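Okay, so here's the structure we're looking at.
The basis for the numbers below is simple: all heavy atoms, side chains too, and nothing from hydrogens, waters or symmetry mates. A note on names: the letters A, B, ... follow the listed sequences, proteins ahead of strands, and every chain is numbered from 1. Everything quoted here is computed from the prediction, not taken from an experiment.
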2 protein chains.
Amino acid sequence: MEWDNATCSIALALDVVGTRSAMLAMREAHLGTRRFDDFVRRIGQGEPAVAARLKELVAAGLLERVPYREPGQRTRHEYQLTTKGRELLPVLTALRQWGDAWQTGPEGPSLLAKHRGCGAGVHTVLRCAAGHDVPDGELELISA
Amino acid sequence: MEWDNATCSIALALDVVGTRSAMLAMREAHLGTRRFDDFVRRIGQGEPAVAARLKELVAAGLLERVPYREPGQRTRHEYQLTTKGRELLPVLTALRQWGDAWQTGPEGPSLLAKHRGCGAGVHTVLRCAAGHDVPDGELELISA
DNA sequence: CGGTATCCTATAAGATACTG
DNA sequence: CAGTATCTTATAGGATACCG
């Protein structure tokens with residue numbers, strides 16, 4: 001069979017988080033951002049762009065628009081991470097790690113990832129199903 | 001300080017690999033694709049789009065355009081992964097893993113990652129600098 | 001506060017043709 | 001084979017205004 005991007009997991013993932021705004025929105029959700037205005041301010045894009053992206057991420061099941069009500073206030077909505085969205089964390093971590101290593105300026109990284117309690121920095125490692133760490137060069141990518 | 005995407009490692013990484021074609025080109029490079037025509041066919045986009053992307057990836061230092069010569073042929077060029085490009089592998093692996101889990105159709109994944117020799121499938125795990133595995137919920141993302 | 005409506009620009013990407 | 005040139009379309013994203 002000729003190679004088909006329609007069945008490639010990477011291409012399929014990019015269908016959902018393949019834009020800058022989508023990935024930054026997911027970063028924000030993982031940082032604890034919940035309200036529309038905060039997404040807008042922190043992503044650094046206009047309301048229309050952010051609104052469109054949040055709508056798509058909700059439709060794709062990475063975020064959920066949940067009503068809530070503070071005492072004495074009217075009902076509002078907040079964007080909460082679903083499990084599907086939460087499991088994007090390795091992608092964000094790998095991107096941050098690569099950006100730290102290769103794209104930061106002299107100021108150093110402005111985004112940190114810590115092991116809660118332990119306090120040490122967190123990075124991704126590759127591991128195989130047999131339990132081995134997979135060092136550079138021992139991973140074979142194959143298109144079936 | 002207000003949050004600044006100009007110093008966020010994720011945003012900086014997306015400056016380079018934030019488009020579909022860039023990420024797919026890097027997937028291809030990791031699959032062993034080296035020649036222009038193969039990138040075009042396998043990415044599934046037109047020559048102009050692929051040419052632009054390869055040029056950017058070379059400029060950003062993820063690929064290198066290397067001359068080579070088969071006996072009796074004229075000199076040609078191939079696109080080779082640099083260390084910077086090779087270290088993007090965790091990002092691709094995390095994307096593939098998430099796509100496998102959440103975005104594949106009934107046919108299952110068409111892209112495999114195996115531990116060379118061992119043969120077992122490969123996935124990413126999060127680990128802290130102290131050596132602990134970091135399970136879901138124990139990672140704290142902080143914007144400094 | 002949490003958006004929508006409109007209009008505009010920039011860029012990603014498709015289509016086709018051509019060249020060394 | 002490895003692109004470039006040209007033209008077109010689709011979409012990401014910016015700017016501004018407005019609304020419940």
Next on the checklist: Applying a 4.0 Å non-hydrogen cut-off, can you work out what A:R65 is touching in the nucleic acid: base, sugar-phosphate, or nothing?
Outcome noted: sugar-phosphate

Checklist entry - With sugar-phosphate meaning primed atoms plus P, OP1 and OP2, does B:Y79 contact a base, only sugar-phosphate, or nothing at under 4.0 Å between heavy atoms? => result sugar-phosphate

Item to check | Phosphate OP1/OP2 of C:dG3: any A:K55 side-chain N/O under 4.0 Å | outcome: no

Item to check | Contact under 4.0 Å: B:S21 side-chain N or O vs C:dA13 OP1/OP2 | outcome: yes

Rounded distance in Å - [atom1] ([X]) to [atom2] ([N]):
{"X": "B:D15", "N": "C:dA12", "atom1": "CG", "atom2": "P", "result": "12 Å"}
{"X": "B:L24", "N": "C:dA12", "atom1": "CG", "atom2": "C1'", "result": "13 Å"}
{"X": "B:E47", "N": "C:dT16", "atom1": "CD", "atom2": "C1'", "result": "10 Å"}
{"X": "B:R41", "N": "C:dG14", "atom1": "CZ", "atom2": "C1'", "result": "18 Å"}
{"X": "A:D37", "N": "C:dT4", "atom1": "CG", "atom2": "P", "result": "13 Å"}
{"X": "B:R53", "N": "C:dT11", "atom1": "CZ", "atom2": "P", "result": "11 Å"}
{"X": "A:Q45", "N": "C:dG2", "atom1": "CD", "atom2": "C1'", "result": "17 Å"}
{"X": "A:I43", "N": "C:dG3", "atom1": "CD1", "atom2": "P", "result": "13 Å"}

Checklist entry - Without hydrogens or angle criteria, can the side chains of A:S9 and B:D100 be said to hold a donor-acceptor pair below 3.5 Å? => result yes

Side chain of [X], backbone of [Y]: donor and acceptor closer than 3.5 Å?
{"X": "B:W98", "Y": "A:K84", "result": "yes"}
{"X": "A:S110", "Y": "B:T7", "result": "yes"}
{"X": "A:H115", "Y": "B:A129", "result": "no"}
{"X": "A:R86", "Y": "A:L81", "result": "yes"}
{"X": "A:R27", "Y": "A:L92", "result": "no"}

Next on the checklist: Quick check on DNA chain D: between B:L54 and A:R20, whose nearest nucleotide comes earlier from the 5' end?
Outcome noted: B:L54

Checklist outcome for this item: Contact span of DNA chain D against chain A, any nucleotide atom under 4.0 Å from a heavy atom, 5' to 3', runs D:dA12 to D:dG20

Can you give me every donor-acceptor pair (side chain of residues 57-69 of chain A, partner residue at least two apart or in another chain, under 3.5 Å) with its distance?
from: A:R69; atom 1: NE; to: A:Q73; atom 2: O; distance (Å): 3.1

